[in-house]
Amino acid sequence: MMTRYQLDSSVERFGDILLGGSPLRLFRTTAAGTRTVDAIERGDEIATSQLVDRLLDAGAIHPVAVEATRFTVADVTVVTPTLGPPVHPTPGALLVDDGSPDPVTGAAIRLSERSGPAAARNAGLAAVTTPLVAFVDADVVASPGWLDPLLAHFDDDRVGLVAPRVRSTPGATRLANYESRHSPLDLGPTPAPVVAGGRVSYVPAAAIVCRADAVRAVGGFDESLRFGEDVDLVWRLAATGWRCRYEPTSVVRHDPRRDWAAWFRQRAAYGSSAAPLSQRHPGALAPLRASAWSVAAWALASARHPLAGAAVAAATSGALVAKLPDVPGSTAFRLAASGTVRAGGQIAQAVRRAWWPLLGIAALRSGTARRALLASAIAARSPIRLADDVAYSIGVWRGMAAEGSVAPITPDLRGWPGRSGARRLARYRATA
């Protein structure tokens, strides 16, 4: 199969060395592999190869969405779960009434009692006879042509799921304005593989297209999950070898909540999924993935030892230069230093979304904890963003209490840069 690809914005090339993807990986190419990467940069159509597969799965390259050759819109059944009449009915969709008090007119399937979106989607899936199924929520506007960029991905036999970009419906209210910039359903303008720990680690089932048989093979949506059932499905598909892709050239619109109270409850509900998901996918929801050295540098700074923190950061960056001799020293140092800077933002977010109850207790006696809380709050940049993260954290702690698990607040400090990160980069060296 001949396909056109584009390099990810993270990619840097140094002769036969290619550095990029999410997480960051290093590839050494043979002469033939270098010619393949040259062809990708030129925008040529190229055949699948081991190198192409590895670059694709690493997020270093992305297929360019063109006209599909294997499937058309006629090969897709749209399934819409709904509780009450759909706000934005998708033409031709198979409506599944999730036990509404008053039966929904036009619903093809009606559940006897309210069972949640996972059960409603599974009921719709059971009635699908087409090779592809699109799950589109009742409050989503899917404009004509939204399927076209997504169908092209299914020319690849290994692709099991593709998701469009889900943007918030514009509005004049402050809530609508905030959602247009910070909706957790909007995963940005850059294409990516969907993989836990990657730049795009999940996609919402507000709108997704799947191979029907692939979803059936993994057991469909987990009906025991009231929230996070879409994240769980994606990760189970990926675990069984299916590629899951995020394709932002296709855009649908999702209505934000109507008031701040409903918005706060929504965010808390999202957080409540962290514990059950962590039980099913250990390590996938760590609130922080960073080098222990980067964390140490920020901890020293928070403890009023900024020079010591800067020294740790500089030493870590310098150490990585020696561990990556294939990469120019200035580039290795810059990447390591920028990783330490990014870790600061990640730590601040982890404080707001996971750790603030613990730091709040510690702050009764610790100036370091008080400074960490204050810095995290300032890093939120707005009271609304701070409330957003706090609402999510409330759900996280409720979920942990229900599941008896602390996994959602347990950090992963094995990340790059550092010794373990250098070994991780080395493991992903590839030839072709």
Side-chain angles (χ1 to χ4, degrees), residues 3-13 18-27 37 40-41 43 48 51-66 146-156 158-168 181-211 214 228 230-252 254 277 281 284-286 289 335 338-339 342 345-346 349 415-416 424-425 428 430:
T3 306
R4 186 177 293 112
Y5 299 90
Q6 62 182 4
L7 292 178
D8 185 71
S9 59
S10 66
V11 169
E12 297 185 63
R13 292 186 68 190
L18 186 148
L19 190 66
S22 177
L24 197 68
R25 299 172 187 178
L26 183 148
F27 297 85
V37 178
I40 292 172
E41 283 194 303
T48 298
L51 176 62
V52 168
D53 281 341
R54 291 186 177 183
L55 292 173
L56 186 62
D57 292 335
I61 63 173
H62 310 292
V64 177
V66 295
W146 76 282
L147 281 170
D148 295 338
L150 309 181
L151 294 180
H153 286 274
F154 290 99
D155 285 354
D156 179 352
R158 291 181 59 187
V159 169
L161 178 150
V162 187
R165 184 177 184 182
V166 181
R167 305 205 69 176
S168 186
R181 293 177 289 114
H182 300 294
S183 170
L185 306 184
D186 186 351
L187 302 175
T190 306
V194 185
V195 59
R199 183 172 60 221
V200 174
S201 61
Y202 68 94
V203 288
I208 53 174
V209 182
C210 312
R211 289 187 194 272
D230 41 11
V231 179
D232 171 68
L233 175 70
V234 172
W235 289 348
R236 282 188 287 120
L237 284 170
T240 55
W242 288 104
R243 284 179 175 148
C244 300
R245 297 288 313 177
Y246 173 61
E247 180 49 72
T249 60
S250 172
V251 178
V252 300
H254 181 273
L277 285 173
H281 307 277
L285 277 123
R289 286 188 176 86
L335 290 172
S338 63
R342 286 194 302 273
Q346 294 166 5
Q349 185 179 59
W416 187 84
R424 186 175 299 177
L425 282 174
Y428 285 104

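All residue numbers in this chain count up from 1 along the given sequence.
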I would like to know whether Thr3 and Asp155 meet side chain to side chain contact (heavy atoms under 4.5 Å, CB included); could you show each step before the answer? CA-CA 9 Å; Thr3 306; Asp155 285 354; over 6 Å; no

Below 4.5 Å, heavy atoms only, C-beta onward: do Arg236 and Val231 meet side chain to side chain? no

Here the gap from Leu7 atom CG to Glu12 atom CD, rounded to the nearest 0.5 Å, amounts to 11.5 Å

Taking all atoms of both residues into account, what is the closest heavy-atom pair of Asp230 and Val203, and its distance? CB-O, 4.0 Å

Is there a side-chain contact between Leu26 and Leu18, using heavy atoms and a 4.5 Å cut-off? no

So does Pro191 get a backbone contact from the side chain of Arg245, meaning a donor-acceptor N/O pair under 3.5 Å? no

Please tell me if the side chains of Val200 and Leu187 come closer than 4.5 Å, counting only heavy atoms from C-beta onward. yes

N/O donor-acceptor pair under 3.5 Å between Ser10 side chain and Gly21 backbone: yes

For the NE2 atom of His62 and the NE2 atom of His153, what is their distance to the nearest 0.5 Å? 10.0 Å

Would the distance check show the side chain of Ser22 and the main-chain N or O of Gly59 forming a donor-acceptor pair, the cut-off being under 3.5 Å? no

Take Arg13 and Val37, measure what side chain to side chain contact (heavy atoms under 4.5 Å, CB included) needs, and give me the verdict at the end. CA-CA 9 Å; Arg13 292 186 68 190; Val37 178; 3.3 Å; yes

So which atom in Ala58 and which in Phe27 form the shortest heavy-atom distance, rounded to 0.1 Å? CB-CZ, 3.7 Å

Taking all atoms of both residues into account, what is the closest heavy-atom pair of Ile61 and Val52, and its distance? CD1-O, 3.8 Å

Taking NZ, NE, NH1 and NH2 as the nitrogens, is one of them in Arg165 or Glu247 under 4.0 Å from a carboxylate oxygen of the other? no

Tell me whether Asp57 is salt-bridged to Arg25, with the criterion being a basic N under 4.0 Å from an acidic carboxylate O. no

Rounded at 0.5 Å granularity, tell me how far SG in Cys244 sits from OH in Tyr202. 15.0 Å

Is there a donor-acceptor pair under 3.5 Å between the side chain of Ser201 and the backbone N or O of Gly198? no

Taking every non-hydrogen atom, the tightest pair across Ala60 and Val11: O-CG2, 3.3 Å

State, to 0.1 Å, how close Ser250 and Leu150 come at their nearest heavy-atom pair, and which atoms those are. CB-CD2, 3.7 Å

Does the side chain of Ile208 reach to within under 4.5 Å of the side chain of Val162, using non-hydrogen atoms? no

Taking NZ, NE, NH1 and NH2 as the nitrogens, is one of them in Arg199 or Asp8 under 4.0 Å from a carboxylate oxygen of the other? yes

Determine the minimum heavy-atom distance between Pro23 and Gly197, stating which atoms define it. CG-O, 4.1 Å

Taking Glu41's backbone N and O only, do any of them form a donor-acceptor pair with Tyr5's side chain (distance below 3.5 Å, no angle check)? no

Output for pair (Tyr246 OH, Leu161 CG), nearest 0.5 Å, gives 13.0 Å

Run the side chain to side chain contact (heavy atoms under 4.5 Å, CB included) test on Val195 and Trp235 for me, step by step, so that the C-alpha distance in whole Å, both residues' side-chain angles and the decisive distance to 0.1 Å come before the verdict. CA-CA 7 Å; Val195 59; Trp235 289 348; over 6 Å; no

d(Asp156 CG, Thr48 OG1) to nearest 0.5 Å is 6.5 Å

Going from CH2 on Trp242 to CG on Leu237, what distance comes out if it is rounded to the nearest 0.5 angstrom? 8.5 Å

May I ask you to decide if His254's main-chain N or O and Arg167's side chain share a donor-acceptor pair within less than 3.5 Å? no

Check whether any side-chain heavy atom of Leu56 lies under 4.5 Å from a side-chain heavy atom of Pro193, and answer yes or no. no

